[in-house]
Amino acid sequence: MKILLIHQNFPGQYKHLAPALAAQGHQVVALTCKVKEAQTWQGVRIIPYEVKGASTKGIHPWLADFETKILRGTSCYRGALGLKEQGFEPDVICAHHGWGESMFLKDVWPKARLGLYCELYHLTTHPFVDFDPEFPSQNPAGDKLRIRMKNLNNRLHEEVMDAGISPTRFQAATFPDHWQDRLTVAHDGIDTNLVRPNPGARLAIENGPTLTRDDEVITFINRNLEPYRGYHVFMRALPDLLKRRKNAHVVMLGGDSTSYGSKPPQGKTWKQIFIDEVRGRIPTPHWNRVHFLGRVPYDRFLAMMQVSRVHVYLTYPFVLSWSLLEAMSAEAAIVASDTAPVREVMTEGETGLMVDFFDRAALVDRIDALLDDPDTRARLGANARALVREQYDLHSVCLPRHLDWVRHLGDLPARPPRD
């Protein structure tokens, strides 16, 4: 088949699928705004397009998000027209539609089958909104309307999508009932041959110690350190945790920006806000055992997971982080929030321990107890890795499912755009 991939940050979720499709002999083209020059990557021809236009000053705030998606959609549309003029006619288009790029592609190629990466449908009910009472909405009624408006992009894509794929049941279930018969649940997959235990792992801390499996290491990861992923809960646990664990090193990975949820007050970061809140209750010798790594290359992330004695994962009811499954694959002993996306992949007492997201005392108690129980850590870690290898392994489970999904997509009759 001729296959077109659309992702604003290509390869994104197509990192493994794209070269696998090319290796099967398909003609694979990626259209993305990420690159400036055409290039070839692992058999995939990557074609750039430029996002043109800027957001309108003074536009209604509920429309600002959608206008950005329109700008991306029209820019990608122009890039698609250029491809069509060169004679490219895809049988299948696979797109992460979250940024709007694929909105008008059926108008260019009405006979192509469009398969969407369905990451999330924005819901306005608890616990998807107002989950954390510390950060209440300043305009609850208006926010529900604003969130509904965010689904304009989803709704326009639903009219033309032939099939969709979601990485977890939790994410698929956020989409309306009339989507469900076109949705397949298949995770992107974890390379368990790469993400595995390593007794000899070493993590060098800049201007600090080099940590190994012989050290008592507690790890915590966010893409960006922020409340949506429980950063504030974990930080508030540190004074008691460091007091109890005199030899523990706490290693945190994550940026200073905001990926999800509300932004911090002007001129501040969530990272620094909660450092400032707890620092006065942590003596300097204890604080010297807290290490912020920022964002790191993947091999350094792996070393962090491999030296971890207890890994902590907290999240609102939201998209599940790849890092949780990677921690499980590395055989880490995990303490996680008892929230719906976590319950889909972890079982209390079998593959990890779970606590109420807001119960800071219970979080400290469970970390403390687990650090004193090497047998339980070993059992939980081994069970967690076994589950990931059985259900989420990239090469034996997930990639074959995605390849089958693309093949099935190519066999479907196309849904033309509505006039």
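Outside the 6.0 Å centre-distance limit, the rings of His122 and Phe175 are not counted as a close aromatic pair.
Using cut-offs of 30° and 60° for the angle between ring planes, the His232 and Phe357 rings count as tilted. Classification of the Phe274-Tyr231 ring pair by plane angle, with boundaries at 30° and 60°, yields perpendicular. Note: Phe318 and Tyr228 have perpendicular aromatic rings, judged against thresholds of 30 and 60 degrees for the angle between ring planes. By the 30° and 60° cut-offs, the orientation of the rings of Phe234 relative to Phe220 is parallel.
Look at Asp338 and Arg343 and you find a salt bridge, because one of the NZ, NE, NH1 or NH2 atoms lies within 4.0 Å of a carboxylate O, short of that distance. No salt bridge links Asp404 with Arg401; every basic N to acidic carboxylate O contact stays at or beyond 4.0 Å. Glu331 has no carboxylate O lying under 4.0 Å from a charged side-chain N of Arg196, or vice versa, which leaves the two without a salt bridge.
For the 3.5 Å distance criterion, the side chains of Asp393 and Ser396 qualify, holding a donor opposite an acceptor. In summary, the side chains of Asn222 and Glu226 do not present any donor paired with an acceptor at a separation below 3.5 Å, with no hydrogens or angles considered. Side-chain atoms of Tyr298 and Glu326 include a donor-acceptor pair closer than 3.5 Å. Side-chain contact annotation: Arg45 with Thr40, donor-acceptor N/O pair under 3.5 Å absent. Of the N and O atoms on the side chains of Tyr316 and Asp132, at least one donor lies less than 3.5 Å from an acceptor on the other residue.
Remark: Lys84 NZ is packed, more than 12 non-hydrogen atoms of other residues, nucleotides or ligands lying under 6.0 Å away. In the displayed structure, Arg300 atom CZ is contacted under 6.0 Å by more than 12 heavy atoms of other residues, nucleotides or ligands. The number of heavy-atom neighbours closer than 6.0 Å to NZ of Lys15, taken from other residues, nucleotides and ligands shown, is 12 or below.
For the pair Lys150 and Phe66, the NZ or CZ position fails the cation-pi test of under 6.0 Å to the six-membered ring centre and within 45 degrees of the ring normal.
Judged as a ring-ring contact (aromatic ring centres under 6.0 Å, His included), and not counting sequence neighbours, the contacts of His60 are Trp62. Residues passing the side chain to side chain contact (heavy atoms under 4.5 Å, CB included) test with Glu67, sequence neighbours excluded: Ser55, Thr56, Ile59.
In terms of heavy-atom proximity, Met103 sits nearest to His157 at N-NE2, 3.2 Å. Taking each heavy atom of Ile218 and Val312 in turn, the nearest pair found is CG2-CG2, 4.1 Å. Scanning all heavy atoms of the two residues, the minimum distance from Pro19 to Val44 falls at N-CG2, 4.2 Å.
In terms of modelled atom types and a separation under 3.5 Å, the side chain of Gln39 and the main chain of Glu37 share a donor-acceptor contact. Distance alone, capped at 3.5 Å, places no donor-acceptor pair between the Arg223 side chain and the Ser259 backbone. Using a distance-only test at 3.5 Å, with no hydrogens or angles considered, a donor-acceptor pair links the side chain of Thr174 to the main chain of Tyr121.
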(request) Would you sort out whether Tyr260 and Trp270 count as a ring-ring contact (aromatic ring centres under 6.0 Å, His included), showing the intermediate values? (result) CA-CA 12 Å; Tyr260 318 110; Trp270 290 122; over 10 Å; no
